[in-house]
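Each remark here refers to the structure printed beneath this line.
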Amino acid sequence: MSEPHPSPSAETTPVAETTSVSASTEAPRLVARLRDLFSGGAARSLGLVVALLILVAVGATTAGTRFASVDNLMVILGLAAVVGVAAIGQTFVITSGGIDLSVGSIIGLASVWATTLATQQMAEQYGWWVMVMCGIAVGFGCGLINGILVAYGNVVPFIATLAMMVAARGVAELIAQKRTQIVTVDSFTDVFRGDLLGVPKIAWLMLLIAAVGWFLLARTTFGRRTIAVGGNAEAARLAGIKVKRHVMALYALSGTTAGIAGVMMLARTTAGSSTNGLQYEMDAIAAVVVGGTLLIGGRGSIVGTVLGVLIFTTLTNVFIQNNLDSSVQAVAKGAIIVAAVLLQQRMQRRGVTSAGG
Amino acid sequence: MANGDQGRDERPFLQMRGIVKVFPGARALDGVDLDVVAGEVHCLLGQNGAGKSTLIRVLSGAHQPTEGDVVIDGSPVTIGDPVHALKLGVATMYQELDVVDGLTVAENVYLGHELAGFGVLRRSTARRETARLLERLGHSEISPDTEVGSLPAAGRQIVAMARALSHQARVIVMDEPTAVLDAEEVENLFRVVAEVTAQGIAIIYISHRLEEIRRIGDRITVLKNGATVARNLPVAETPTHELIRLMTGRDLGIVFPERPGVPADAPVLLEAEGLGLEGVFSEVDLTVRSGEIVGLAGLVGSGRSEILETIYGARRSSAGTVRVDGETVRRGSTSAAVAAGMGLAPEERKSQGLILDEPIYRNVTLPSFPRFAHAGVVSETSERAAATRETTAVRLDPPGVTRPVRTLSGGNQQKVMLARWLVQGCRVLLLDEPTRGVDVGARAEIYTLIRRLADAGTAVVVVSSEIPEVLGLADRVLVIADGTVLRSAAAHELTEHDVLDTIMKGSPA
């Protein structure tokens, strides 16, 4: 666009310019540096760790050894693993300024598709990886459709993925005929169930995927493009970045992690069902936001997302171990989300004022 | 100060005296006088940056003047806000009309002062009154129930005027009303203007098109550098060259870098042939040699920015080809343009150029960061080193590349954009309004940088609404109006006067 501000704005521009200059030079260096430190990513993650430790302390004092036992902590990790993997893909999408509402349904569809009679027969014949690849392929396919709709069809992410959320759940129901499909392939359960070094294998898997995700977002060109698109899509486009293609890839990535989460769900529950992963998209989005990723895009934190997932899973566990109503739990979750976002906004605003703009 | 106050002995309805508006760091208005009498079309002339926009905003209550008096209907007033302005009888029609597409004509006319009894809208009364106002404007064919979004630009203007009349406006300010209209619609608008002025309402008419002013204007006030340089010139008796003389000669207070001259055998780096964009511009031919700066001079809405963006592929051309170094560049693709060696510093730096919350070095390497990566892993160390090198070259002040770009001044932000394309090593640099929002001190620096880039062999295209800037900086200048190249000449052969003359006479309205 040549004239995005057709109203006579040219003559007012100097105002903004001069104020920003004076404010930034007047601010004392030390204060600015401290502020940088405390509004930085490390400080945010530290805050989340503190919140998690407080939750653990609360759990230990209220529920005693029912909560503070190795077994229970491993249960928490296992539960966190499925949402965690989906939330990592979601982090990329949200960092780019989008949203993926379909991950819960994709988890359900992937778990169903990977446990159909046909898939399991092939898995008996060729090996457990057939089920894994099936789940991943389903997730990738759904994500790719989301991506094409958003990037090339110019459909708003909310709507495109909402449609996929409804449709994928429907397909899962059609395939499963509302029955639960038990995993009968022994090699699959052997590989994914149980512990490794005392920790559930799927929790290891989440950690591995989180590590890859962190590296991808923080250190690679792919991650840099994601942040650039979320920070200012038009600037990225005018700098020669293929924004549409990248956005498509991001949704495909989120679908893929959801597919992996669906397979992990099978390992935990040993059953494919069209109700698997119900409302997981909400848990994933909540964890991403609490973890410090900006919903408007431009900044994302995989470490924060993992901590966010752990906080929510631990909270659920503390409530269960204390035999508290799940409704109370929902209220507490809601309160945490609001508190985290309010805190984020305050930090954000402080960051902006210190910048003078 | 010229004064041609003959023929009209009425006391002015609106009088502005010595209006000054100071923004932090800028004196936007520096002594504006304006007299408007009932029933006249009073034209406001002046170049971009002369202060017309600020003056309108003062008049509409959007800005409060720092000094000066406004007298309406004989009594001194302070226009507190836009609602107050309407109460005083001053209505403003901005270029981007503030009508709401989703509402009907009647709802738009009474927007903000709805006819209601006990909180219930009196819709039939509003419809009837709207129909009456439309009839007064000679446009009874527009139904009050039509959704405004479905009306053409001309119809929306009529709605905006009806709204002004519904406020019992005595003065209507029209900012470039014909910019979006075709010839027939312009005729129609002039008829409406005649109707309205016959009813004793005054129009303050802003346009760059001299022939329009000649047709409907009564008197002219000329602004330059935020001050009135001539007022109440009778349209019929003031020759064009006199008007242009009054408008020109703005002093930028800047010495431009010397032009070393482009050797005739310098290779052509950028070529556009028969380039067109449906409905915006057509048949644009352009060649830029290595080491040459070509300026595109034109007013807002002339198509100059669109030409630049189309060359760059940010808009998909509907005709013609662009070649860099002899190779045709795929149209409508910015990544193809960057790969071919082009770089763009867009007009709106903040919204189109920079990621404000990201550090300087990441903004510098936005197009080039893959170059600092091995197997997809970015080496921030070498990235920072490159950014530091080039930001030093453009004299970013203070130095350092880790601060968020948001904290920088306009001049420094533009330097970041230049450093970006230095790191990328582009051979064709397209600059849209390179000194917008940049203070005077930094401007000279940026001109020097641009010239140095050219001296190093880059082909540069500069778009600017400041004619002296284009003339001072460029080697060759294309004068553009209404999407057509009217003239192409060496910069030293042109004067500001020539350019304005070409634009104002040559535009086929």
Side-chain angles (χ1 to χ4, degrees), chain A residues 1-25 27 32 36 215-216 218-225 227-246 294 296-299 348 351-352 354-357, chain B residues 23-26 28 48-49 51-54 56-57 94-96 175 300-301 303-306 308-309 312 314 334-339 344 346-348 351-358 362-363 366-367 369-370 373 376-378 403-404 406-411 420 432 436-439 465:
Chain A
M1 328 266 131
S2 74
E3 303 293 341
H5 300 302
S7 60
S9 64
E11 283 155 60
T12 56
T13 331
V15 190
E17 297 304 333
T18 37
T19 41
S20 73
V21 178
S22 59
S24 63
T25 44
D36 281 356
F215 188 76
L216 196 61
R219 291 282 182 268
T220 68
T221 53
F222 184 88
R224 183 63 69 81
R225 272 194 284 277
I227 295 165
V229 168
N232 188 341
E234 179 67 359
R237 184 177 81 96
L238 291 181
I241 293 174
K242 290 172 179 154
V243 173
K244 284 177 187 280
R245 202 169 74 175
H246 189 72
L294 285 184
I296 52 163
R299 195 177 70 205
Q348 188 75 0
V352 169
S354 80
Chain B
F23 293 115
N48 296 310
K52 288 172 306 197
S53 313
T54 315
I56 299 174
R57 294 186 148 224
Y94 289 106
Q95 225 170 333
E96 279 297 297
D175 188 3
V300 172
R304 56 194 169 139
S305 292
E306 287 84 352
L308 209 64
E309 287 168 355
Y312 190 66
T334 53
S335 54
V338 172
L344 170 77
E347 183 178 17
E348 298 290 330
S351 62
Q352 300 179 291
L354 298 164
I355 306 177
L356 293 174
D357 289 318
E358 288 276 279
R362 287 192 174 197
N363 275 284
L366 192 60
F369 65 84
V377 182
V378 181
R403 280 164 296 147
R406 187 187 288 283
T407 62
L408 301 182
S409 67
R420 168 185 292 178
D432 198 350
R436 171 171 294 185
V438 173
D439 61 68
S465 48

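Reminder, nothing fancy here: chain letters follow the sequence lines and each chain counts from 1.
- For chain A, the nearby part of B:Leu354 is the backbone; its heavy atoms alone come within less than 4.5 Å.
- Chosen from A:Ala218, A:Ala236, A:Gly240, A:Gly231, the residue pairing most often with chain B at heavy-atom distances under 4.5 Å is A:Gly240.
- Heavy atoms from other residues, nucleotides or ligands lying under 6.0 Å from NZ of A:Lys244 number more than 12.
- For B:Val338, the part lying near chain A is the side chain, with the backbone staying farther off; criterion is any non-hydrogen pair under 4.5 Å.
- Listed for the B:Ser335 side chain is no donor-acceptor partner under 3.5 Å among the backbone atoms of A:Lys242.
- Atom CG in B:Leu366 sits 4.5 Å away from atom CD1 in A:Ile241 (nearest 0.5 Å).
- In terms of heavy atoms, A:Ala239 sits closest to B:Arg420 at CB-NH1, 4.3 Å.
- A distance of 10.5 Å separates CG in A:Asn232 from CG in B:Asp357, rounded to the nearest 0.5 Å.
- Smallest separation of non-hydrogen atoms from A:Ile227 and B:Arg362: CD1-NH1, 3.9 Å.
- Of all non-hydrogen atoms in B:Pro370 and A:Arg225, the two that sit nearest each other are CG-NH1, 4.5 Å.
- Residue B:Ala314 touches chain A through both its backbone and its side chain, counting heavy-atom pairs closer than 4.5 Å.
- Here the closest heavy-atom approach between residue B:Val378 and residue A:Arg224 is recorded as CG1-NH2, 3.9 Å.
- Considering all non-hydrogen atoms of both residues, B:Ile355 and A:Ala228 come closest at CD1-CA, 3.5 Å.
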